[in-house]
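Contents: one structure, followed by commentary.
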Amino acid sequence: MENLRDIVLKFNINNDINDVKPLGEGLINDTYKVYVKGQDNPQYVLQRINNAIFQDVDMLQDNIEKVTNHIRMKLIEKNETDIDRKVLNFIKTNEGKNYYFDGEKYWRLMVFINDSYTYQAVTPEYSYTAGLAFGEFQSMISDIKENLGETIPSFHNIELRLNQLKEAVEKDAVGRVKEVRYYLDEIEKRAEAMCLGEQLYREGKLPKRICHCDTKVNNMLFDKDGNVLCVIDLDTVMPSFIFSDFGDFLRSAANTGAEDDKNLDNIDFNMEIFKAFTKGYLEGTKSFLLPVERENLPYAAKLFPYMQTVRFLADYINGDTYYKIQYPEHNLVRTKAQWKLFECAEKKENEMKEFVDNNLNI
Ligand code: GN1
Ligand code: MG
């Protein structure tokens with residue numbers, strides 16, 4: 001990977017590079033691990049930013065810089081130890097910029113956090129620490145003074161996502177609408193109820209706060225004992241409802257199957273994970289969460305499988321222009337799997353409500 005090495009050398013590091021190899025399973029950016037010579041030297045993570053999706057790279061990188069600086073400051077104030085493993089550390093280019101543009105593609109480099117682990121699935125115990133960690137993450141950035149831009153405008157706005165689905169159906173670019181009628185109808189039946197968050201916002205009852213907006217399980221680094229080190233993949237850090245971080249974590253963590261499971265029998269919504277995560281989250285957010293936010297956490301747990309179904313389905317109908325796919329039907333398989341998860345969450349809504357009500361005073 002000769003040219004990847006050249007790209008790494010545009011950044012301000014003094015090490016000899018041994019190798020650059022693909023890392024992780026993100027659906028949007030391309031990620032590589034950079035191996036350097038010498039045992040004590042830090043290793044790095046190189047990322048090609050998908051600028052078809054993140055069109056304002058300056059805004060994107062500025063958001064990330066503001067958030068990581070703010071968190072670093074908070075960790076210092078709290079006298080935390082091992083701070084370099086608890087917040088991402090980005091390397092500037094030799095010109096002092098927070099990304100490198102090679103004339104065609106955009107790149108960024110960060111220090112690889114040693115002895116860290118990512119998971120595709122978690123136990124209830126890990127879910128509890130994850131809940132606490134996302135709660136604390138939101139809490140640490142709840143008082144950030146600088147404005148952050150919306151790197152993808154209205155990213156988690158379900159009304160916009162439903163409109164995008166409608167547009168996709170009207171165009172029917174590759175003739176796939178006829179095979180997905182069932183899902184379109186089921187989505188439509190719940191559309192009004194699922195737009196509750198946007199409605200509460202319009203009525204002035206629900207605030208936007210700075211959220212992570214991509215809190216999948218695999219966007220969290222754990223140490224070897226199962227403590228959360230930090231939250232990664234900060235591209236979508238932006239103003240949103242707190243439902244985003246709560247709901248998207250459970251969408252991945254409480255799913256007993258895979259996001260793209262072909263066997264729908266594998267999929268269920270795991271209430272043990274829900275309870276453990278919710279407990280941690282309520283603890284981590286107790287200093288700022290409003291009653292309207294707390295009470296609607298079960299809605300958030302339903303909203304994210306619903307929204308992800310809408311997004312995967314729209315991409316399938318559009319002919320797979322957004323998400324990376326591994327085979328032609330991949331987005332349809334993802335749609336079905338997310339819908340199954342949604343239905344399972346829907347059935348458990350009352351149980352979720354009861355649990356939240358009983359834990360309001362944590
Ligand atoms: C994308 O890049 P990755 O895989 O972390 C997507 C999320 C989706 C997720 C579905 C910018 O995240 O919103 O929930 O795939 N990110 C963007 O797995 O669209
Ligand atoms: Mg990711």
Side-chain angles (χ1 to χ4, degrees), residues 22-32 45-57 59-61 63-64 67 88 106 108 110 118-122 130 134 137 148-158 160-162 164-165 168 211-221 230-241 243-255 257-261 267 300-316 318 320-326 330-342 345:
L23 176 75
E25 317 180 19
L27 301 188
I28 306 290
N29 298 316
D30 295 329
T31 308
Y32 305 88
V45 174
L46 175 71
Q47 251 183 343
R48 184 180 73 77
I49 301 166
N50 183 332
N51 80 301
I53 291 178
F54 298 105
Q55 296 185 352
D56 189 338
V57 178
M59 180 207 274
L60 174 72
Q61 290 300 101
N63 271 2
I64 293 178
V67 166
L88 293 177
Y106 294 82
R108 66 181 166 220
M110 66 202 99
T118 54
Y119 300 101
Q120 299 299 334
V122 281
F134 276 126
F137 176 85
L148 296 197
E150 292 197 12
T151 47
I152 299 179
S154 302
F155 185 49
H156 278 169
N157 181 330
I158 185 61
L160 172 101
R161 296 299 180 184
L162 286 165
Q164 289 174 335
L165 178 62
C211 297
H212 181 277
C213 294
D214 191 11
T215 51
K216 289 199 291 198
V217 182
N218 62 6
N219 279 335
M220 190 164 256
L221 297 185
C230 68
V231 179
I232 57 172
D233 201 351
L234 303 174
D235 293 325
T236 51
V237 170
M238 64 174 110
S240 190
F241 307 133
F243 303 154
S244 290
D245 292 1
F246 183 83
D248 220 18
F249 180 86
L250 288 169
R251 184 183 70 78
S252 51
N255 187 353
E259 183 179 72
D260 57 353
D261 220 306
I267 297 172
K302 281 196 319 182
L303 177 63
F304 278 81
Y306 181 86
M307 187 173 334
Q308 199 61 58
T309 308
V310 171
R311 292 177 64 194
F312 282 148
L313 183 55
D315 199 33
Y316 183 66
N318 285 332
D320 313 308
T321 56
Y322 188 90
Y323 292 107
K324 291 183 198 166
I325 52 166
Q326 276 141 25
H330 205 162
N331 274 318
L332 182 59
V333 169
R334 288 168 172 155
T335 300
K336 292 180 179 172
Q338 288 296 297
W339 187 254
K340 172 77 193 285
L341 181 67
F342 168 76

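For ligands, and for the atoms within them, numbers begin at 1 and follow the listed sequence.
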message: I need the atoms of ligand 1 closer than 4.0 Å to a non-hydrogen atom of Asp214, numbered in the order shown.
response: 3 (P), 5 (O), 7 (C), 12 (O)
Those atoms of ligand 1 less than 4.0 Å from some heavy atom in Asn219: 5 (O)
query: Charged N to carboxylate O under 4.0 angstrom, Lys324 versus Asp30?
result: yes
- request: Just jot down the ligand 1 atoms closer than 4.0 angstrom to any heavy atom of Asp233, in number order.
  value: 5 (O)
message: Within the 4.0 Å heavy-atom shell around Arg251, which atoms of ligand 1 are there?
response: 10 (C), 14 (O), 18 (O)
query: Is there a nitrogen or oxygen of Lys216 sitting under 3.5 Å from a nitrogen or oxygen of ligand 1?
result: yes
query: ligand 1 versus Asn218, non-hydrogen atoms closer than 4.0 Å: side chain, backbone, both, neither?
result: neither
- line: In terms of its nearest heavy atom to atom 13 (O) of ligand 1, the top option of Arg311, Gln308, Met307 is Arg311
message: With the threshold set at under 4.0 angstrom, would you say Phe304 reaches ligand 1 through any of its heavy atoms?
response: no
message: Taking 4.0 angstrom as the limit and counting only heavy atoms of Phe54, give me the atoms of ligand 1 inside it, by number and element.
response: 11 (C)
- request: Would you mind listing which atoms of ligand 1 come within a distance below 4.0 Å of any non-hydrogen atom of Ile152?
  value: 11 (C)
Test item, Asn50 contacting ligand 1 (heavy atom, 4.0 angstrom): no
- request: May I ask you to check if ligand 1 and Leu27 share an N or O to N or O distance below 3.5 Å?
  value: yes
- prompt: Are Arg108 and Asp235 ion-paired here, with the side-chain N under 4.0 Å from a carboxylate O?
  reply: yes
field: Name of the residue among Asn29, Ile152, Leu60 meeting side-chain contact (heavy atoms from CB on, under 4.5 Å) with Ile53
entry: Ile152
field: Heavy-atom donor-acceptor pair, Ser244 side chain to Ser240 backbone, under 3.5 Å
entry: no
- prompt: Is the distance between the ring centroids of His212 and Phe137 less than 6.0 Å?
  reply: yes
message: Within ligand 1, which atoms have a heavy atom of Tyr322 less than 4.0 Å away?
response: 11 (C), 17 (C), 19 (O)
- prompt: Which ligand 1 atoms, with their elements, are less than 4.0 angstrom from a heavy-atom of Tyr323?
  reply: 15 (O)
message: Would the distance check show the side chain of Asn157 and the main-chain N or O of Ser154 forming a donor-acceptor pair, the cut-off being under 3.5 Å?
response: no
task: For the residue pair Gln164 and Arg311, confirm or rule out a side-chain donor-acceptor distance under 3.5 Å.
output: no
- request: Measure the shortest side-chain to side-chain distance between Leu23 and Tyr32 over non-hydrogen atoms and say whether it is less than 4.5 angstrom.
  value: no
- line: OH of Tyr323 to CD1 of Ile28, rounded to nearest 0.5 Å, is 6.0 Å
